[in-house]
Amino acid sequence: MKVAILILSVIMMTTKVNAQGVSLKETQLYLDEFKEYMNIPDNYQFQSVYNIKVDHVPAYLFRFEKSTNKNLQGEHYSFVISKKEKQVLGFTNMDKKYSSIKMLSKSETEKIAKDFLLKWDKSFANSLENLWIERHDEEIWVNGVKTTIAGMKYKCYRASQNDYAWVIVGFDGSVITFERNVKWNNSEHKRITEKWLHDNWLVDNNLNIPTEEQTLTKLVEETFVNGALNKLNVEEMSRGFHSDFAILIAKENNLFRLPLRDWMTVVQEYKNNPQKVKSGIRTLDYTIEVLEITGNTAIVKTQFFRDTKLIITDYLSYIKYSEGWKAVAKVSNEHIINPLQLNL
C-alpha cells in the first residue's frame, strides 16, 4: 500500500532563491500595515506568506488568490513588505479585468501615478525623476488561455539611491502594480533586485508555491493522519481542527458528537499506554484525496488500510479562516467492526 506522497514546498532553495513558508498568524501585523495603504479586493482569499530577502533585506511575500484561475501564473494579488521597517516594497494585482485594450493617456497616467506616490510616501515621491511613460504588458493564464494584462507604466529614477520605482495604471485609473527600491544593471540591461511579484520569475527559479489542494493535503497529513494516528502528534491536532470541531457518529436514529478536546484525550491516553502503542492499532497506511474546494470550503476523503485491507473511510469538512484551513466536522464509514478498538 502506498502512503500518500505530498509535494512539499515549505522550503524552496536554488542558487538564486530562498523562500520559507510562515503562518499568517505570525505575520498578521504586516498584513494590517499593508491594509493601511491598500484594500485587497474582496474576491481574493489569503493563499500564502513567505520569508524572503529583497536585495539582502529580510521581507515577507504575501499572496492572495481567487477561487478560480488560481495558482502560479493565474490571477493573484501579491505584495512584499520589509520586516524591520514594515516598508511596502511593492504590490501587484494580476486580475483579468486589466486585459482591456483601452489605455489611459500619458497625461492621465502621470497625474494618477504622482497622486498615488505622494499619498504613499511624500518624501519618496519628491525624490523621484520620471524617465518615461509607456504601455506595459504582463501575461497570466485565464481558463487555460494565455491572457495579456496591460497598463500604463510610469517609471522613475531615484538618484540618491541609484535605484528605480514605477507605478502601472490600469484602464480604469486604478493602480495595477507598484514597485520601489529596484536595483538595475544598466550595462547589461538587466534587473538585479529579485522579482518576487512576477510569477514567471518564480517559476524560472523553482519557487513552486503550493496549490490550495497541496496545502490542504499537507495539513490533513500533519494534523489528522499523523496527529490522531500514526505518529500521534496530538499537539498538532489543534492546528488543523477548529475548536468547535466534532466527529459525528450515528447511533440508531440519534447523532452522537465527539468534541475535539475529547478526541484529543482519547489519542493522548493511547499514546501514554506503551502496550497500546506497541499493538500498532493506530499505525495505518492511508490515502488522502481532496474531493472538492469551493471558495472557502472543502471536502477531503481519507482512507485507512491495515495489511492492505481497507478499514476506515473518512470525510472531513473544512472551512478556510483568516489563519488557514480548519476541519469543522468528520463522518466515517468503518469497513470492519470498531477498527481502532474504541469505547465511546
Salt bridge [X]-[Y], side-chain N to carboxylate O under 4.0 Å:
| X | Y | result |
| --- | --- | --- |
| Asp115 | Lys111 | yes |
| Lys86 | Glu33 | no |
| Glu179 | Arg191 | yes |

Is there a donor-acceptor pair under 3.5 Å between the side chain of [X] and the backbone N or O of [Y]?
| X | Y | result |
| --- | --- | --- |
| Lys326 | Arg239 | yes |
| Asn69 | Asn143 | yes |
| Arg306 | Pro339 | yes |
| Glu194 | Asp55 | yes |

inquiry  = Is the terminal nitrogen or CZ of Lys114 (NZ for Lys, CZ for Arg) located under 6.0 angstrom from the six-membered ring centre of Tyr154 and within 45° of that ring's axis?
reply    =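 Negative - Lys114 is either too far from the ring of Tyr154 or too far off its axis.
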query = Linking I/L/V/M/F/W/Y whenever their side-chain heavy atoms sit closer than 4.5 Å, directly or via other members, would Phe171 and Leu104 fall into one cluster?
reply =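 No; tracing contacts between hydrophobic side chains, which count when under 4.5 Å, never links both residues.
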message = Are Phe304 and Phe224, when compared by the centres of their aromatic rings, separated by less than 6.0 Å?
response =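 Yes, they do, as the ring centres are separated by less than 6.0 Å.
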Residues Ser123 and Asp121: side-chain donor-acceptor under 3.5 angstrom =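 There is no such pair between these side chains.
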message = Between Glu138 and Tyr98, is there a side-chain donor-acceptor contact under 3.5 Å, judged purely by atom types and distance?
response =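 Absent: no donor and acceptor within the cut-off.
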ask   = Tracing side-chain links under 4.5 Å among I, L, V, M, F, W and Y, which residues wind up in one group with Ile319?
value =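 Tyr321, Val328, all in the cluster of Ile319.
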